[in-house]
Amino acid sequence: MTIETTQTPNFIRAIIEEDLASGKHKTVITRFPPEPNGYLHIGHAKSICINFGLAGDFGGRCHLRFDDTNPAKEEVEYAESIKESVRWLGFDWGEHLYYASDYFEQLYQWGEQLVRQGDAYVDDLSADEIRAYRGTLTETGKESPYRNRSADENLELFRRMRAGEFPDGSRVLRAKIDMSSPNLNLRDPVMYRILHAPHPHAGEKWCIYPMYDYAHGQSDSIEGITHSICTLEFEDHRPLYDWFLDRLGIYPPRQYEFARLNLTYTVMSKRKLLQLVQDGDVRGWDDPRMPTLVGLRRRGYTPDAIRSFCERIGVGRSDSWIDMSILEESVREDLNERAPRAMAVLRPLKLVIDNYPEDLVEEFTVANHPQKPEAGSRTIPFCREVWIETDDFLEEPPKGFHRLAPGQEVRLRYAYIVRCTGVVRDGAGNVIEVRCSYDPDTHTGGPAAGRKVKGVIHWVSALHAIEAEVRLYDRLFTEPNPAGDEWKSFVNLHSVEILTSCRLEPSLKEAAPESRYQFERQGYFCVDAKDSTPGKPVFNRTVTLRDSWAKLDKGDQGNSKA
RNA sequence: UGGGGUGUCGCCAAGCGGUAAGGCAACGGACUCUGACUCCGUCAUUCCGAGGUUCAAAUCCUCGCACCCCAGCCA
């Protein structure tokens with residue numbers, strides 16, 4: 001492994017390079033430490049990419065460690081989902097899967113050590129009293145009347161806490177630091193609370209559980225983590241992180257903080273995501289509109305696209321809001337490379353070619369990818385009646401409209417040039433059918449194939465099309481930053497449009513779950529893994545193609561599709 | 001009003017005393033049987049502001065300003 005990397009430099013990378021160069025560390029060991037209390041989202045992906053990415057780049061390793069110190073909120077199902085998402089993203093922790101709860105005994109022994117050293121004490125104050133004694137941002141705190149118990153008394157009490165002699169909330173073990181510290185985290189932080197509850201991983205062994213601050217640094221120490229990378233809000237905790245390690249006299253990893261990801265037009269907090277699910281704003285954690293990894297996956301995002309996104313946004317310490325367009329561009333770039341093309345008509349309009357033989361069916365061989373011959377080809381049937389996109393025909397076309405209109409010519413992609421000769425209307429005057437004539441010499445490869453027409457539109461043979469459901473997704477919120485108490489009022493009520501009678505080319509009939517296609521001229525689509533059945537695929541639109549016509553047409557500055 | 005942070009193009013982000021990388025967006029243009037892709041070009045005399053040090057400052061010093069985080073027996 002070489003230490004050379006091509007990535008954009010960032011401060012953490014710089015620190016690691018220095019540590020390696022100075023000999024402070026011989027290798028780099030990082031960790032991704034989720035609490036198994038929910039699903040991973042794109043913000044976690046950033047952390048995963050940083051931690052696993054750095055370890056990989058420098059030939060070190062990254063541990064997956066569940067920070068499972070609060071049994072009240074955690075479940076094994078979450079842990080399983082987290083493991084699957086990390087794997088899906090393309091990272092491998094090898095043998096290094098850990099649980100903070102596996103360190104509970106060691107943590108407890110260290111707790112006794114701190115008690116013996118006079119660095120921790122059992123406090124009988126209630127939660128409310130502890131809060132009141134803590135003081136405020138501007139007023140110093142007050143010492144608990146139980147703060148100066150003897151080491152022996154504390155030890156006995158701590159052991160009895162572990163033994164289950166006291167009810168929940170009756171006592172805690174606290175670090176004895178400084179009630180007047182301007183850093184609230186140092187005002188005798190709680191180390192252990194009593195919680196008579198089974199633990200999803202540790203089972204029934206414990207009725208006292210360590211707090212994050214007391215468990216995290218020591219877990220890092222046990223695992224020999226060299227660089228403990230977390231988000232900015234833990235910066236104030238670093239002195240405490242260092243304090244425990246110092247008092248315990250054990251190997252001290254160093255903590256470094258980076259700015260968490262904020263993405264426009266979505267929310268990232270577990271609380272808000274949960275509320276969206278509970279309120280029925282979305283159809284679950286894996287709803288394709290959710291910024292969760294399971295949601296993005298179902299939407300059709302690839303692991304490569306997400307990793308590329310994380311690379312593009314960089315790692316810094318300033319609060320930032322990443323524009324959704326960067327995420328979208330990341331998938332487009334990836335899918336443009338890998339997605340086979342197909343033709344699909346989302347809002348069908350019948351087109352009848354009057355001078356095409358009634359019973360003739362032709363089969364055209366077309367490339368699966370215009371720039372990649374190695375992607376192979378397929379055949380698509382053509383006949384006298386085809387479906388075209390409703391949007392591709394306008395009776396009164398605006399200037400610059402390169403599609404079909406009365407009297408105008410357009411090419412049916414891979415087939416012929418047709419000229420619109422008329423329309424058929426229903427009783428209400430709506431156009432229900434477009435009539436045209438075709439020029440037999442203009443077929444791809446034919447004598448007049450080179451004839452230029454302004455537009456090319458996609459189509460699907462009416463005789464052979466399969467009917468399918470396609471779901472079009474838009475951003476979940478109408479505001480770039482849906483913050484504040486009224487954040488729910490910014491939920492985009494039109495974030496999904498379900499089209500049930502789309503007409504797809506027959507080759508799509510057996511498309512495999514999760515396979516991705518570019519529907520030409522429209523966007524990238526993915527076979528929904530949950531709702532599709534054999535022979536009856538349901539497609540989710542991952543992202544639209546860039547559409548400079550729509551931008552001109554609507555004078556639309558943003559990317560929203562309304 | 002205590003403490004900890006952050007401020008470089010519309011959004012991210014390099015830069016670490018030697019005269020502003022890159023990506024996304026935007027805007028021109030070329031190409032095109034996807035108005036896609038691709039390609040070519042444009043896009044910060046200026047780095048939150050004001051002083052100061054220096055031959056030379058986004059980078060050092062001083063004083064301001066703005067924004068973010070912290071008062072869970074959550075992580």
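Throughout, protein chains are lettered first and strands after them, A, B, ... in sequence-line order, and every chain is numbered starting at 1.
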### Task
Verify salt bridge (charged side-chain N to carboxylate O under 4.0 Å, His left out) between Glu35(A) and Lys73(A), making sure each step is shown before the conclusion.
CA-CA 9 Å; Glu35(A) 181 187 18; Lys73(A) 296 185 174 178; over 6 Å; no
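Side-chain atoms of Tyr241(A) and Asp220(A) form a donor-acceptor pair, as typed in the model, at a separation below 3.5 Å. No hydrogens or angles considered: a donor-acceptor pair under 3.5 Å links the side chains of Ser228(A) and Arg31(A). Glu223(A) and His63(A) form a side-chain donor-acceptor contact under 3.5 Å, judged by distance and modelled atom types alone. Asp128(A) and Ser126(A) share no donor-acceptor pair across their side chains, judged by distance under 3.5 Å alone.
Between C24(B) and Ser330(A), no contact under 4.0 Å exists linking OP1 or OP2 to a side-chain N or O. Side-chain N/O atoms of Arg341(A) include none lying less than 4.0 angstrom from OP1 or OP2 on C37(B). Not one side-chain nitrogen or oxygen of Arg338(A) sits closer than 4.0 Å to the OP1 or OP2 atom of C37(B). In this model, the phosphate group of C37(B) is not approached by any side-chain N or O of Arg332(A) to a distance below 4.0 Å at OP1 or OP2. A sub-4.0 Å separation between OP1 or OP2 of C73(B) and a side-chain N or O of Arg134(A) is present.
Separating the OH atom of Tyr265(A) from the P atom of C11(B) is a distance of 13 Å, rounded to the nearest angstrom. Between Asp220(A) atom CG and A75(B) atom P the separation is 15 Å, expressed in whole Å. As a whole-Å value, the separation of Asp391(A) CG from G35(B) C1' is 13 Å. Nucleotide U34(B) holds its P atom 16 Å from the NZ atom of Lys454(A), rounded to whole Å. Per the geometry, CG belonging to Leu137(A) stands 11 Å off P belonging to G3(B), to the nearest Å. To the nearest angstrom, P of C9(B) lies 15 Å from CG of Asp323(A). The CZ atom of Arg521(A) sits 8 Å away from the C1' atom of G35(B) (whole-angstrom rounding). Nucleotide U34(B) holds its P atom 15 Å from the CH2 atom of Trp459(A), rounded to whole Å.
Pair assignment for A66(B) gives U6(B), based on Watson-Crick or G-U wobble hydrogen-bonding distances that are each under 3.5 Å. Within the shown strands, C61(B) is the pairing partner of G51(B) under the Watson-Crick or G-U definition, both distances less than 3.5 Å. Of the nucleotides present, A26(B) is the one that pairs with U42(B) by Watson-Crick or G-U wobble criteria, both distances under 3.5 Å. Shown here, C73(B) forms no base pair; nothing in the strands shown gives a Watson-Crick or G-U wobble contact with both key distances under 3.5 Å. When both distances must be under 3.5 Å, the Watson-Crick or G-U wobble mate of C31(B) does not exist.
Cation-pi geometry between Arg162(A) and Tyr108(A) is met: the NZ or CZ atom falls under 6.0 Å from the ring centre, inside 45° of the normal.
No hydrogens or angles were tested; on distance alone, a donor-acceptor pair under 3.5 Å links the side chain of His237(A) to the base of A75(B). Side-chain atoms of Arg238(A) and base atoms of G4(B) include no donor and acceptor less than 3.5 Å apart. Between the base of U34(B) and the side chain of Gln518(A) there is a donor-acceptor pair shorter than 3.5 Å.
Checking G3(B), U34(B), U1(B) against the side-chain heavy atoms of Asp236(A) singles out G3(B) as nearest. Comparing U34(B), G2(B), G35(B) against the side chain of Arg403(A) picks out G35(B) as the nearest. The listed nucleotides are C73(B), U34(B), C24(B); the one nearest the side chain of Arg193(A) is C73(B).
When the P atom is compared between G2(B) and U8(B), the two are found 25 Å apart, to the nearest whole Å. When the C1' atom is compared between C40(B) and C16(B), the two are found 35 Å apart, to the nearest whole Å.
Listed by residue number, Gly169(A), Val172(A), Pro182(A), Leu184(A) are the residues of residues 166-187 of chain A with a heavy-atom contact under 4.0 Å to RNA chain B.
Across all strands shown, Phe401(A) has heavy atoms under 4.0 Å from base atoms, whether or not it also approaches the sugar-phosphate. Within 4.0 Å (heavy atoms only), Phe234(A) reaches at least one base atom of the nucleic acid. As judged by a 4.0 angstrom heavy-atom cut-off over every strand, Ser126(A) is placed among the base-contacting residues. His443(A) comes within 4.0 angstrom of a nucleotide base, judged by non-hydrogen atoms across all strands. Residue contacts shown for Asn70(A) are limited to sugar-phosphate atoms, with no base heavy atom under 4.0 Å away. When heavy atoms are screened at a 4.0 angstrom cut-off, Gln371(A) is found touching base atoms of the nucleic acid. As judged by a 4.0 angstrom heavy-atom cut-off over every strand, Lys452(A) is placed among residues touching the sugar-phosphate backbone only. Contact annotation for Ile130(A): base contact, defined as any heavy-atom pair under 4.0 Å involving a base atom. Base contact: Gly400(A) has a heavy atom under 4.0 Å from a base atom. Among the protein residues, Met211(A) comes within range of the sugar-phosphate backbone only, with heavy atoms under 4.0 Å from sugar or phosphate atoms but none that close to a base. If you check every strand for non-hydrogen atoms under 4.0 Å, Leu125(A) touches a base. Using a 4.0 Å heavy-atom distance criterion, Pro239(A) is classed as making no nucleic acid contact.
Taken to the nearest 0.5 Å, the CD atom of Gln218(A) stands 7.5 Å off from the CD1 atom of Ile222(A). Interatomic distance, Glu362(A) CD to Ile380(A) CD1, rounded to the nearest 0.5 Å: 11.0 Å.
Both geometric conditions, a ring-centre gap below 5.5 Å and a plane tilt below 30°, are fulfilled for His402(A) over the base of G35(B). By the stacking rule of 5.5 Å between ring centres and under 30° between planes, Trp549(A) stacks on the base of G35(B).
Within a 6.0 Å radius of NZ in Lys142(A), no more than 12 heavy atoms belonging to other residues, nucleotides or ligands are found.
Between the side chain of Arg260(A) and the backbone N or O of Lys46(A) there is no donor-acceptor pair closer than 3.5 Å.
A salt bridge does not link Arg134(A) with Asp188(A): every distance from a Lys NZ or Arg NE/NH1/NH2 to an Asp or Glu carboxylate oxygen is 4.0 Å or more.
Phe66(A) pairs in a ring-ring contact (aromatic ring centres under 6.0 Å, His included) with only one of the listed residues (Tyr99(A), Tyr103(A), Tyr98(A)), which is Tyr99(A). Paired with Glu333(A) under the rule salt bridge (charged side-chain N to carboxylate O under 4.0 Å, His left out), one option of Arg312(A), Arg546(A), Arg307(A), Arg338(A) passes, and it is Arg312(A).
Where Pro210(A) and Gly455(A) each meet RNA chain B at their nearest nucleotide, the meeting point lying more 5' is that of Gly455(A).
Using the six-membered ring where Trp is involved, Tyr78(A) and Tyr39(A) have ring planes that are perpendicular, over 60° apart on the 30 and 60° scheme.
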Please write out each protein N/O paired with an N/O of nucleotides 12-18 of chain B under 3.5 Å, distance rounded to 0.1 Å.
{"residue": "C12(B)", "atom": "OP1", "partner": "Trp321(A)", "partner atom": "N", "Å": "2.9"}
{"residue": "C12(B)", "atom": "O5'", "partner": "Trp321(A)", "partner atom": "O", "Å": "3.4"}
{"residue": "C12(B)", "atom": "O2'", "partner": "Ile313(A)", "partner atom": "O", "Å": "2.8"}
{"residue": "A13(B)", "atom": "OP2", "partner": "Ser318(A)", "partner atom": "OG", "Å": "3.3"}
{"residue": "A14(B)", "atom": "OP1", "partner": "Val315(A)", "partner atom": "O", "Å": "3.4"}

